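Counting convention: from 1, in listed order, for ligands and their atoms alike. All figures in this text were calculated on a predicted structure; none of them were measured in a lab.
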Amino acid sequence: MEESAMETQSAKGVSRLNEKKPLIRRPVADNSQRIRHLVQLLFVALNGWLGVQFILWVRYFEHGGEGFYVPRPPGAEGWLPIAGLMNLKYLLFTGRVPSIHPAAMFLLIAFLLMSLLLKKAFCSWLCPVGTLSEYLWKIGRRIFRRNLRLPRWADSPFRGLKYLLLGFFVLVIGAMSGEALESFMNTPYGLVADVKMLNFFRDMGQTAAIVLAILVFGSLLLKNFWCRYLCPYGALMGLVSLLSPVKIRRDAEHCLDCGKCARACPASLPVDRLTQIRSAECNACLACVAVCPRQDALQFALAPRRGAAASHRWFRRTLGPLAVTAVLAYIFFGLMLFARATNHWQTNIPRSVYLRLVPHANELSHPGM
Ligand code: SF4
Ligand code: SF4
């Protein structure tokens with residue numbers, strides 16, 4: 001269905017053009033993957049640092065407020081996507097910035113903005129789970145010498161699972177009024193939702209461990225198993241990314257029809273047959289651009305200049321890896337600094353409440369249960 005929405009190229013026309021096309025190599029070697037991997041690792045390091053701070057903060061309260069104290073890092077709320085979605089609805093419906101877990105909302109807005117401008121760049125440049133998934137399928141390819149691809153009849157419906165999960169969360173949150181959202185966030189469960197998230201990983205039950213092991217094994221075999229089939233967060237980013245003005249764009253006049261781009265695409269998109277990639281599966285990893293041998297044949301770009309000569313069609317329309325990094329950093333730090341400057345970054349809960357709730361977080365059940 002997606003493919004039918006994309007523009008296809010007439011094979012006849014392509015081969016006719018191909019006869020005339022010399023191989024004009026790109027003047028400088030592509031470094032997009034090196035830069036992307038560096039950004040990924042920096043973001044993993046940032047998350048690791050936030051994670052250590054958060055664990056120390058939790059342990060302080062678990063020990064009755066004794067020992068080494070570090071302030072609670074609001075950035076850890078990036079791991080509360082449901083709270084972010086609830087708070088975003090609360091903001092939209094009440095016009096008020098939520099007081100509990102506001103950073104979760106600001107981070108969600110930042111990631112949505114990134115998707116709106118740069119396809120799902122969040123998934124392949126920043127998301128630690130996306131980074132882990134990518135490393136896992138690359139390790140799997142080394143172990144098994146290849147990655148598997150589900151047949152089309154299985155791949156398409158399984159890809160729909162992440163939209164079903166997203167639909168479930170949207171329906172549940174959509175049915176809640178502003179007051180209901182506020183009172184949920186102010187329940188003991190809502191106040192320490194971040195601690196409960198940490199405890200899920202620290203005190204993992206047998207069932208959760210088995211599910212996690214299946215996900216890891218699936219990720220070794222299939223490229224971006226979690227992201228492609230199950231991640232509702234990625235599904236949301238993918239839907240927003242359909243509006244992105246910047247896309248992978250192929251210039252048929254320059255293209256050599258070598259097919260390297262399609263073979264490199266971890267989302268299995270037919271990059272070599274389309275003039276632009278609109279698909280919600282494109283995560284702007286630039287792997288296709290990195291392998292393209294021909295100058296101006298494939299770019300992550302705005303629409304080409306209309307009526308311009310082939311040599312000027314992409315002038316100042318293309319975003320290289322440094323520009324992508326700059327836009328991501330600008331949005332991420334811009335939103336964070338805005339929230340800090342307006343005093344909406346921290347969740348301000350009295351110490352006495354944390355002293356009472358944090359040691360008993362595991363005993364708190366969901367208010368609806
Ligand atoms: S390889 Fe290209 S088309 Fe495929 S996901 Fe990455 S950027 Fe998108
Ligand atoms: S890598 Fe893709 S876009 Fe580049 S020349 Fe080959 S087929 Fe054309």
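When only non-hydrogen protein atoms are considered, atom 2 (Fe) of ligand 1 lies nearest to Cys288 SG, 2.3 Å. Among all non-hydrogen protein atoms, the one lying nearest atom 6 (Fe) of ligand 1 is Cys285 SG, 2.4 Å.
Residue contacts with ligand 2 include Asp257, since one or more of its heavy atoms lies under 4.0 Å from the ligand.
Looking only at atom types and distance, the side chain of Tyr229 has no donor-acceptor partner in the side chain of Asn224 under 3.5 Å away. Side-chain polar atoms of Arg351 and Tyr60 form a donor-acceptor pair below 3.5 angstrom.
At a cut-off of 2.8 Å, Cys261 is counted among the residues with an N, O or S atom near atom 2 (Fe) of ligand 2. Atom 8 (Fe) of ligand 1 has no N, O or S atom of Cys265 inside 2.8 Å of it.
Here the rule is ring-ring contact (aromatic ring centres under 6.0 Å, His included) with Phe332, and of Phe338, Trp125, Phe122, Phe43 only Phe43 fits it.
Proximity to Ala284 (heavy-atom distance under 4.0 Å) selects the following atoms of ligand 1: 7 (S). Each of the atoms 3 (S), 5 (S), 7 (S), 8 (Fe) of ligand 2 lies under 4.0 Å from some heavy atom of Cys255. Within ligand 1, counting atoms from 1 as listed, the ones closer than 4.0 Å to a heavy atom of Pro266 are 1 (S). Here is the list of ligand 2 atoms found below 4.0 Å of a heavy atom in Arg250: 3 (S).
Within a 6.0 Å sphere centred on NZ of Lys260, other residues, nucleotides and ligands contribute 12 heavy atoms or fewer.
Side-chain atoms of Asp296 never come within 3.5 Å of backbone atoms of Asp251 as a donor-acceptor pair (strictly under, hydrogens ignored).
Residues Tyr90 and Phe93 share a single hydrophobic cluster, defined by chaining ILVMFWY side chains whose heavy atoms lie under 4.5 Å apart.
The aromatic ring centroids of Phe54 and Trp79 lie 6.0 Å or more from each other.
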